[in-house]
Amino acid sequence: MAFLCRSAASLLKSPRAAPAVLSACRLYSSGGQYEYILVEKRGEKSDVGFIQLNRPKALNALCDGLMKELKQALDVFEADGEVGAIVITGSDRAFAAGADIKEMQNKTFQDCYRGDFLAHWNRVSQSKKPVIAAVNGFALGGGCELAMMCDIIYAGEKAQFGQPEILLGTIPGLVSKVYPVDQLVSEAVKCGEKIAANSKLVSAMAKEAVNAAFEMTLAEGNHFEKRLFHATFATGDQKEGMTAFVEKRKASFQDS
Ligand SMILES: CC(C)=CC(=O)SCCNC(=O)CCNC(=O)[C@H](O)C(C)(C)COP(=O)(O)OP(=O)(O)OC[C@H]1O[C@@H](n2cnc3c(N)ncnc32)[C@H](O)[C@@H]1OP(=O)(O)O
């Protein structure tokens, strides 16, 4: 179905394929066809495609099924001549708390590489129609990246953006802050302590991705970062980081 939707615009030219496109377009008018998102058209002229991430118990963690449905909904809205802009939102508590850690916990490097894990995650940035993120609550890791892939971000007062992957033994995880003069050095040391408590191996990989990005095109940089992300799944620290999250305890990284 996802493939049919992606090709909807071109398939419209083919009478043989028309029923497939029509059934794709019904996905939001009939409701209930998606498991992880709510999809409708909003605005006085029904010209705004509206997608709400809907896994409240998991704080909208971006599981594979949700990302496939998001792609599918974007495909349908792109093929819909009435739709002029798309809004993606979550709940009051969470836009999205990142990629689904429980789904990733036991993945190996081989699983990531062979399955080209995250291959379709760039779909939002490829949208031909303007996409607006309406962010309330947590926008962490992949949730933060999802918001950044949109063209415009509107944030609620309590929105919290962050890249905490380093706490899980994977990349990235860089944060910047502004402090009063007299607190700056001690806060910088505290920051250093926090970084040093994470996997030194994975921190080095995060730095490698950031540094390499300066020398590359955006597409090359994204590709390199994805491959390094896959490589973290070959480390013991990624297993420890994600297992610690699932077991609700502090991770103990061995730099291995
Ligand atoms: C982009 C790529 C490639 C990678 C990533 O995105 S890695 C993930 C990055 N995100 C994080 O590390 C955030 C993880 N979540 C948290 O730190 C916390 O859940 C919180 C700070 C967002 C909220 O904490 P709070 O104490 O308010 O709530 P919890 O009890 O921790 O969570 C409620 C419920 O949601 C489940 N949950 C939350 N985040 C995820 C996630 N990313 N993946 C899977 N599940 C998640 C959490 O386990 C809990 O469910 P259970 O009670 O059933 O365990």
Side-chain angles (χ1 to χ4, degrees), residues 34-37 52-71 88-121 135-149 158-175 191 193-207 209 225-256:
Y34 294 101
E35 189 179 349
Y36 303 111
I37 57 176
Q52 181 168 18
L53 311 185
N54 188 35
R55 289 188 77 200
K57 285 187 186 154
L59 303 184
N60 291 331
L62 304 169
C63 62
D64 193 48
L66 187 153
M67 291 310 284
K68 283 190 175 137
E69 288 187 0
L70 180 59
K71 175 183 176 316
I88 300 178
T89 194
S91 67
D92 288 355
R93 192 167 169 219
F95 178 72
D100 191 310
I101 299 167
K102 291 168 189 168
E103 224 175 54
M104 291 189 293
Q105 181 189 2
N106 295 316
K107 270 191 198 294
T108 61
F109 168 72
Q110 288 85 341
D111 296 332
C112 292
Y113 192 87
R114 276 198 210 107
D116 207 3
F117 182 39
L118 306 182
H120 53 285
W121 276 50
V135 179
N136 269 317
F138 299 112
L140 302 176
C144 182
E145 287 161 24
L146 177 61
M148 290 193 294
M149 274 190 275
K158 294 188 178 161
Q160 289 184 49
F161 296 86
Q163 296 283 168
E165 287 96 328
I166 197 74
L167 304 175
L168 302 167
T170 190
I171 61 171
L174 302 178
V175 176
C191 173
E193 285 176 310
K194 273 192 195 165
I195 292 172
N198 294 312
S199 165
K200 294 175 186 59
L201 182 69
V202 179
S203 292
M205 292 164 87
K207 271 219 69 171
E225 188 204 319
K226 213 166 279 173
R227 285 291 180 241
L228 270 181
F229 171 77
H230 289 170
T232 65
F233 284 72
T235 70
D237 284 343
Q238 173 271 331
K239 293 286 162 297
E240 167 60 12
M242 295 201 181
T243 301
F245 176 84
V246 172
E247 293 176 356
K248 300 183 192 291
R249 63 173 172 80
K250 198 170 178 301
S252 168
F253 295 114
Q254 304 300 315
D255 306 322
S256 63

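Quantities reported herein were computed from a predicted structural model and do not represent experimental measurements.
Scanning for salt bridge (Lys or Arg N to Asp or Glu O under 4.0 Å) contacts around D64 gives K68, with sequence neighbours left out. Applying the ring-ring contact (aromatic ring centres under 6.0 Å, His included) test to F161 and every residue at least two apart in sequence or in another chain returns nothing. Every residue was checked against the ring-ring contact (aromatic ring centres under 6.0 Å, His included) condition with F253, not counting sequence neighbours, and none meets it. Partners of Y36 under the ring-ring contact (aromatic ring centres under 6.0 Å, His included) rule, at least two apart in sequence or in another chain, do not exist in this structure.
Contact of the T243 side chain with the Q105 side chain is registered, since non-hydrogen atoms from C-beta on lie closer than 4.5 Å. Put simply, the side chain of F229 reaches to within 4.5 Å of the side chain of F117, judged on heavy atoms. Using a 4.5 Å cut-off on side-chain heavy atoms (C-beta onward), S203 and I166 make contact. Side-chain contact between E165 and I171: absent, with no pair of heavy atoms (C-beta onward) separated by less than 4.5 Å. Put simply, the side chain of L70 reaches to within 4.5 Å of the side chain of I88, judged on heavy atoms. Looking at heavy atoms from C-beta onward, Y34 lies out of side-chain contact with N54 at the 4.5 angstrom threshold. No side-chain heavy atom of F233 sits under 4.5 Å from any side-chain heavy atom of D111.
For the pair Q160 (side chain) and G137 (backbone), a donor-acceptor distance under 3.5 Å is absent.
In terms of heavy-atom proximity, A119 sits nearest to K226 at O-NZ, 4.4 Å. Scanning all heavy atoms of the two residues, the minimum distance from M104 to Q238 falls at O-NE2, 3.6 Å. Residues A159 and V135 approach most closely at CB-O, 3.6 Å, considering heavy atoms. When all heavy atoms of G241 and A251 are compared, the closest pair comes out as CA-CB, 4.2 Å. Of all heavy-atom pairs spanning C63 and E103, the tightest one is CB-OE2, 3.3 Å. Of all non-hydrogen atoms in A96 and L62, the two that sit nearest each other are CB-CD2, 3.8 Å.
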Stepwise side-chain contact (heavy atoms from CB on, under 4.5 Å) check, N136 with K158: CA-CA 6 Å; N136 269 317; K158 294 188 178 161; 5.8 Å; no
CA sep, side-chain torsions, deciding dist, call: L201, Q254, side-chain contact (heavy atoms from CB on, under 4.5 Å): CA-CA 9 Å; L201 182 69; Q254 304 300 315; over 6 Å; no
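In this structure, CZ on F109 lies 7.5 Å from CZ on R227, to the nearest 0.5 angstrom. Taken from CG in D237 to CE in M205, the straight-line distance is 10.0 Å, to the nearest 0.5 Å. Summarising the geometry, atom CG belonging to L167 is positioned 10.5 Å from atom CZ belonging to F245; distances are rounded to the nearest 0.5 Å. With rounding to the nearest 0.5 Å, the separation of CG in L59 from CG in L53 is 12.0 Å.
Screening residues 88-102 for side chain to side chain donor-acceptor pair (under 3.5 Å) gives R55-D100 as the qualifying pairs, with residues at least two apart or on separate chains. Residue pairs satisfying the salt bridge (Lys or Arg N to Asp or Glu O under 4.0 Å) criterion with at least one member in residues 238-256, sequence neighbours excluded, are listed as follows: K200-D255, E240-R249, E247-R249.
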